[in-house]
**Student:** 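What follows is a structure written as structure tokens; I'll ask about it next.
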Amino acid sequence: MARRLRSVDLGFVRTAPLRLVFAAEASAAPAVVYRALAEEVDGWPGWFTAVTAARSTGSGAGREIRLRGGTVFHETIVAKEPGERYAYRVDETNAPALQALLEEWQLTPTATGTRVQWTFAADGPAAFRFVLRLGRPALGRAFRDAVHNLDERLAAASA
């Protein structure tokens, strides 16, 4: 059964009790990476393997994300800065123990493309935060694989 999470603002990305930050390089330009993140939401399952379905909601103000294992997130977009930042807050989910979640994707131009930084900012009981910290390596691997897959997808589309 879905339940409402605590509503947090963009500042939560800096103040959350649990912050996991990962970075990877993509050869595509920031504007191209941003478009794939923020404007082509339905394409996420094609490059982020944990995502089984994704769609925009509320005329682009939100998203519905479905993950492997059956987790569902109903999200509100809290930052859309083309070529720079895309962030969303989870408002409702069926994930147990989660009390608040905000994810931010920051894009920084590099000499060869884009530095993609993903911040996973969450809150929940101490045991939940402990388990997520243990899962940090797996989340990092999933993120790096996703950026790699996205980069390959973008390169193939531009060829």
Side-chain angles (χ1 to χ4, degrees), residues 1-24 26 28-108 114-129 131-133 135-136 138-140 142-147 149-150 153-154:
M1 182 61 76
R3 32 183 207 84
R4 299 269 322 151
L5 300 185
R6 188 172 79 244
S7 183
V8 294
D9 63 19
L10 194 53
F12 188 69
V13 79
R14 292 181 309 281
T15 63
L18 176 67
R19 294 177 67 250
L20 303 176
V21 181
F22 307 98
V32 175
V33 174
Y34 179 86
R35 186 172 51 250
L37 290 172
E39 298 170 11
E40 299 168 356
V41 172
D42 60 339
W44 278 55
W47 55 270
F48 207 129
T49 59
V51 177
T52 61
R55 68 179 182 92
S56 290
T57 61
S59 299
R63 306 177 341 152
E64 179 182 281
I65 302 295
R66 295 182 177 272
L67 303 178
R68 278 189 285 147
T71 301
V72 179
F73 294 131
H74 294 275
E75 304 168 340
T76 296
I77 309 304
V78 295
K80 285 180 97 169
E81 299 170 22
E84 296 177 20
R85 177 167 53 173
Y86 182 60
Y88 41 87
R89 168 189 70 230
V90 175
D91 296 316
E92 193 173 284
T93 185
N94 60 351
L98 186 60
Q99 295 173 346
L101 176 61
L102 188 132
E103 297 179 42
E104 177 190 57
W105 297 73
Q106 284 192 311
L107 309 174
T108 307
T114 304
R115 180 180 187 270
V116 181
Q117 178 178 294
W118 178 48
T119 302
F120 183 93
D123 193 11
F128 169 80
R129 294 191 314 265
V131 168
L132 269 180
R133 281 186 187 97
R136 179 185 177 84
L139 275 173
F143 165 75
R144 286 186 301 279
D145 289 349
V147 172
N149 294 342
L150 176 59
R153 183 181 178 108
L154 296 174

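Scope of the values below: all heavy atoms of this structure, side chains included, with no hydrogens, waters or symmetry mates.
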**Student:** Tell me, please, which residues at least two apart from R6 pass salt bridge (Lys or Arg N to Asp or Glu O under 4.0 Å).
**Tutor:**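 R6: salt bridge (Lys or Arg N to Asp or Glu O under 4.0 Å) contacts with D123.
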**Student:** Assess whether side-chain contact (heavy atoms from CB on, under 4.5 Å) is satisfied between V33 and V147, documenting all intermediate values.
**Tutor:** CA-CA 9 Å; V33 174; V147 172; over 6 Å; no
**Student:** Any side-chain heavy atom of F143 within less than 4.5 Å of one from L20?
**Tutor:**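 Result no, sub-4.5 Å side-chain heavy-atom pair not found.
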**Student:** Looking only at heavy atoms, what is the nearest atom pair of A97 and F128, with distance?
**Tutor:**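 Heavy atoms of A97 and F128 come nearest at CB-CD1, 3.8 Å.
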**Student:** I would like to know whether V90 and E75 meet side-chain contact (heavy atoms from CB on, under 4.5 Å); could you show each step before the answer?
**Tutor:** CA-CA 4 Å; V90 175; E75 304 168 340; 3.9 Å; yes
**Student:** Not counting sequence neighbours, which residues clear ring-ring contact (aromatic ring centres under 6.0 Å, His included) with W44? List them please.
**Tutor:**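 Per chain and number, W44 pairs via ring-ring contact (aromatic ring centres under 6.0 Å, His included) with W47, W105.
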**Student:** Could you list the residues that satisfy side chain to side chain contact (heavy atoms under 4.5 Å, CB included) with R14, not counting sequence neighbours?
**Tutor:**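 Partners of R14 by the side chain to side chain contact (heavy atoms under 4.5 Å, CB included) criterion come out as none, since no residue qualifies.
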**Student:** Which atom names give the shortest non-hydrogen contact between N94 and V72, and what distance separates them?
**Tutor:**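 Of all heavy-atom pairs spanning N94 and V72, the closest is OD1-N, 2.9 Å.
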**Student:** Test of understanding: with side chain to side chain contact (heavy atoms under 4.5 Å, CB included), list the residues that count as partners of P82, not counting sequence neighbours.
**Tutor:**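 P82: side chain to side chain contact (heavy atoms under 4.5 Å, CB included) contacts with Y34.
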**Student:** Between CG of L5 and CZ of R89, what distance do you get to the nearest 0.5 Å?
**Tutor:**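 L5 CG to R89 CZ: 10.0 Å, rounded to 0.5 Å.
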**Student:** Would you say L67 and V51 make side-chain contact, with heavy atoms under 4.5 Å?
**Tutor:**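 Of all side-chain heavy-atom pairs linking V51 with L67, at least one is under 4.5 Å.
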**Student:** Can you find a pair of side-chain heavy atoms, one from Y86 and one from I77, that are under 4.5 Å apart?
**Tutor:**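 The answer is yes, as the side chains (C-beta and beyond) meet within the 4.5 Å cut-off.
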**Student:** Does the side chain of N149 come within less than 4.5 Å of T49's, by heavy atoms?
**Tutor:**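 Yes. Closest side-chain heavy atoms under 4.5 Å.
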**Student:** What distance do R129 atom CZ and L98 atom CG have between them, rounded to the nearest 0.5 Å?
**Tutor:**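 Taking CZ in R129 and CG in L98, the distance rounds to 12.0 Å.
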**Student:** Who passes side chain to side chain contact (heavy atoms under 4.5 Å, CB included) against T52, sequence neighbours left out?
**Tutor:**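 Partners of T52 under the side chain to side chain contact (heavy atoms under 4.5 Å, CB included) test: R66, R68.
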**Student:** Any non-hydrogen side-chain atom of S56 less than 4.5 Å from a side-chain atom of E39?
**Tutor:**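 Of all side-chain heavy-atom pairs linking E39 with S56, none is under 4.5 Å.
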**Student:** Just to verify, what does A16 make a side chain to side chain contact (heavy atoms under 4.5 Å, CB included) with, not counting sequence neighbours?
**Tutor:**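 Checked A16 against side chain to side chain contact (heavy atoms under 4.5 Å, CB included); matches are F12, R19, A121.
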**Student:** For residues R144 and A23, report the shortest heavy-atom separation together with the two atoms involved.
**Tutor:**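 Minimum heavy-atom separation between R144 and A23: CG-O, 4.5 Å.
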**Student:** Under the ring-ring contact (aromatic ring centres under 6.0 Å, His included) rule, collect the residues that match up with F22, sequence neighbours excluded.
**Tutor:**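 Only W118 meet the ring-ring contact (aromatic ring centres under 6.0 Å, His included) criterion with F22.
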**Student:** In a check of side chain to side chain contact (heavy atoms under 4.5 Å, CB included) between V78 and each of V13, L102, V8, D9, which one passes?
**Tutor:**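 Answer after filtering V13, L102, V8, D9: L102.
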**Student:** Does a side-chain heavy-atom distance below 4.5 Å link Q117 with T108?
**Tutor:**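 Answer no - side chains too far apart.
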**Student:** I need the L18 CG to R136 CZ distance, nearest 0.5 Å.
**Tutor:**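 That separation rounds to 8.5 Å.
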**Student:** Please list, chain by chain and in numerical order, all residues satisfying salt bridge (Lys or Arg N to Asp or Glu O under 4.0 Å) with R133, sequence neighbours excluded.
**Tutor:**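 Residues passing salt bridge (Lys or Arg N to Asp or Glu O under 4.0 Å) with R133: none at all.
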**Student:** Taking only residues two or more places apart in sequence, or in another chain, which ones meet R55 in a salt bridge (Lys or Arg N to Asp or Glu O under 4.0 Å)?
**Tutor:**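 Salt bridge (Lys or Arg N to Asp or Glu O under 4.0 Å) list for R55, sorted by chain: E64.
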**Student:** How long is the gap from CG on D91 to NE2 on H74, to the nearest 0.5 Å?
**Tutor:**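 So the CG of D91 and the NE2 of H74 are separated by 9.5 Å.
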**Student:** Give the C-alpha distance, both sets of side-chain angles, the deciding distance and a yes or no for side-chain contact (heavy atoms from CB on, under 4.5 Å) between Y88 and I65.
**Tutor:** CA-CA 11 Å; Y88 41 87; I65 302 295; over 6 Å; no
**Student:** Quick check: do V32 and T114 have side-chain heavy atoms less than 4.5 Å from each other?
**Tutor:**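 Side chain of V32 against side chain of T114, heavy atoms only: no contact under 4.5 Å found.
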**Student:** Going by heavy atoms in the side chains, are V116 and L150 under 4.5 Å from each other?
**Tutor:**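 Counting from C-beta outward, V116 and L150 never come under 4.5 Å.
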**Student:** For E81, what residues pass the side chain to side chain donor-acceptor pair (under 3.5 Å) criterion, not counting sequence neighbours?
**Tutor:**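 So E81 forms a side chain to side chain donor-acceptor pair (under 3.5 Å) with R85.
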**Student:** Please report the shortest heavy-atom distance between A122 and P17, naming the atom on each side.
**Tutor:**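 Looking at all heavy atoms of both residues, the shortest contact is O-CD, 3.6 Å.
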**Student:** Would you compute the distance between atom OG1 of T93 and atom CD of Q99 and round it to the nearest 0.5 angstrom?
**Tutor:**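 The CD atom of Q99 is 13.0 Å from OG1 of T93, to the nearest 0.5 Å.
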